[in-house]
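Each ligand, and each atom within it, is numbered from 1 in the order the structure gives.
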Amino acid sequence: MSNIGSYEEKYKSFNWKDSEKELEYGKDGMYNIGYYCSDRICEKGFGQKIAMIWEGFTGEVKKYTYDDIRIYSNCFAKFLQDIGVNPGDRICVFMDKIPELYISFLGVLKMGGIVQPLFSAFGEEALFTRLDNAKTKAIFTTRKHLGKVRRIRKTLPEMTKIIVLDAGEKPLENDELSFDMAKMPKVDKFDIFKASPETPSVLHYTSGTTGTPKGALHVHSSIISQYITAKWVLDIRPDDIYWCTADPGWVTGTSYGIIGAWANGVTQTVLDAGFNVSHWYDFIDKYKVTVWYSAPTAIRMLMKEGDAPVKAHNLSSLRHLISVGEPLNAEAVVWSEKVFGKPFLDSYWQTETGSIMISNFPGMKVKPGSMGKAVPGITAIVVDPKTYEPITKPGLVGLVALKPGWPSMFRTYWQNKATYDGKFKNGWYICGDRSSIDAEGYFWFVGRDDDVINTAGHLVGPFEIESALLEHEAVAESAAVGKPDPINMEVVKAFIALKPGFEKSSDLEMSIMNFIRKKLSPLAMPQEIEFVASLPKTRSGKIMRRLLRAQEWGEEIGDISTLEND
Ligand code: 6R9
């Protein structure tokens, strides 16, 4: 029996107060996320339970109990206090997926700071934009990334504390500080900052698929949403071994790779290594991962390598698979069911929403290609793109809209209230995505509002085209965008990356066209196919259609600081 039991019943009877009670949120006036992710689990008698099994790219393994997490995060918190960092200051964590990243995140929260996670792979320009926008006071980093920080710090006058976690014997420059987690005196008792539910907690910069990155500001009570969705959607149970593959530079890596996981007291695994199909399967096999939260890009890369690597491993520990970040093509759902014996279940949400909003739940009928239904406690509808009035007819496409009021809703965009205000229409929060809802309440994603292709006045979503393409045996990945056309305004152009063993040719192009012609309406048919080695993606694995589109239109490509280019 899953944690949620009956989805329908839970949706009907849901009350946020029940989730708060379950988490004992507000106990003794305590609202701080840092407490609920470490001290509380220890107080409940699980101090010796493993909180994190970490494996580095060299194969080195480290394990931390909940008591270790509690004590080490206290060390970070006390250190920040001692060097004069104050509650409300922004503190950036800028490092690879090393244990210190996860623990310092809680440490910052414990002393009342606002934690600003940034991808360690960011170059100095991307880093500068976000530190400058947030007026960040302190940054934790490692030698590997220190050079980037050094090169921009002169232009960041507010950033007075640069803390190096692996300084070692080599001297640091100027006023840089050294903090070696393993060598610091243990801080068993720390007076955790008395945050209120509305105290700012995490400042997350958005993925940047759509333009200049914005800092979504979250508050401590977000943990209520993250706790209950990790329990119900990810179905995390006490004896699980959980693996969230996301980097904490992306919201999935913090909401579910730190907060949701540890608030539920689970043992989680972290692999600090680049993507590699057989390494990933080895990892699942080695640690007997039971719950796996990943993303469509990764799943498509696994699919690209086929069934053989799956068969070469023992992956029978896997109990529950969930996906997020991009539309999950029906093909990927069917494939995962075939090879893992269970389908990847899709979940939909945003940096701004802080937790999962629409999802497939264990026990619910899976409709491959659908995102699932609204999470209990969430009112999700689609609205007319012009009037913002609710669309009630099943199957009609509109903008995904959410009724504000759940705990993990962002409270503003940092220094950009106007853009924040612009996201609300007629009392609804507008996500910027297009979808339809069927008669049973399932959401069917169409595309981001700005990725939708307008051909001869008809709106065509890239998702259906890409999903049709993916079903062809030669296609590993694709992106459909609009290109200018004198008659139709826009026509569809498809970019395709091929699976290993396939070569581009006009015969192959013909075969693909003939294949999708049976699946798509004539309007959605690509007028052109371009074969590419790979597609441009953000660091969180999202295809940047905006960039391909701009190329076709000869337009400025805008901010590409989140583009993955290594
Ligand atoms: C968690 C996260 C948010 C945007 C969102 C949408 C896309 C996320 C999706 C999905 C289709 C899904 N997205 N999940 N699209 N199906 N299951 O990804 O946050 O990086 O802010 O991106 O990602 O376009 O609006 P974020």
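- Note on residues 260-277: no pairs pass side chain to side chain donor-acceptor pair (under 3.5 Å), not counting sequence neighbours.
- Within the 4.0 Å heavy-atom cutoff, T206 does not count among the residues contacting ligand 1.
- Using a 4.0 Å cutoff on heavy atoms, G432 does not count as a contact of ligand 1.
- Between atom 16 (N) of ligand 1 and the options A246, G325, P327, the minimum heavy-atom separation is to P327.
- Proximity of L328 to ligand 1, defined as any heavy-atom pair under 4.0 Å, is not found for any part of the residue.
- In summary, R549 and D450 do not engage in a salt bridge, as defined by a charged side-chain N under 4.0 Å from a carboxylate O.
- In summary, the atoms of ligand 1 found under 4.0 Å from a heavy atom of V251, numbered by their order in the structure, are 1 (C), 19 (O).
- Residue S540 places no heavy atom under 4.0 Å from ligand 1.
- Counting heavy atoms under 4.0 Å from ligand 1, residue S347 touches it through the backbone alone.
- Of the residues listed (Y429, F443, Y256, W406), the one engaging W349 in a ring-ring contact (aromatic ring centres under 6.0 Å, His included) is Y256, and it is the only one.
- Proximity of R448 to ligand 1, defined as any heavy-atom pair under 4.0 Å, is confined to the side chain (atoms from C-beta onward).
- Looking at T351, L345, N360 and measuring to atom 21 (O) of ligand 1, the nearest heavy atom belongs to T351.
- Partners of R90 according to the side-chain hydrogen bond (donor to acceptor under 3.5 Å, both in side chains) rule, which considers only residues two or more places apart in sequence or in another chain, do not exist here.
- Here R300 pairs with E326 in a salt bridge; the nearest charged N to carboxylate O distance falls below 4.0 Å.
- Counting heavy atoms under 4.0 Å from ligand 1, residue F445 touches it through the side chain alone.
- Contact between D346 and ligand 1 is present, with at least one heavy atom of the residue lying under 4.0 Å from the ligand.
- E477 has a carboxylate O that lies under 4.0 Å from a charged side-chain N of K537, or vice versa, which qualifies the two as a salt bridge.
- Here's the thing with T252: none of its N/O atoms is less than 3.5 angstrom from an N/O atom of ligand 1.
- Judged by the 6.0 Å and 45° rule, K483 forms no cation-pi pair with W553.
- The residues K214 and E352 are annotated as not salt-bridged, no charged nitrogen and carboxylate oxygen being separated by less than 4.0 angstrom.
- Residue contacts with ligand 1 for W250 involve side-chain atoms from C-beta outward but no N, CA, C or O (heavy atoms, distance under 4.0 Å).
- Backbone and side-chain nitrogen or oxygen atoms of K542 are examined, and one is located within less than 3.5 angstrom of a nitrogen or oxygen of ligand 1.
- Of all heavy-atom pairs between K148 and F122, the closest is NZ-O, 2.9 Å.
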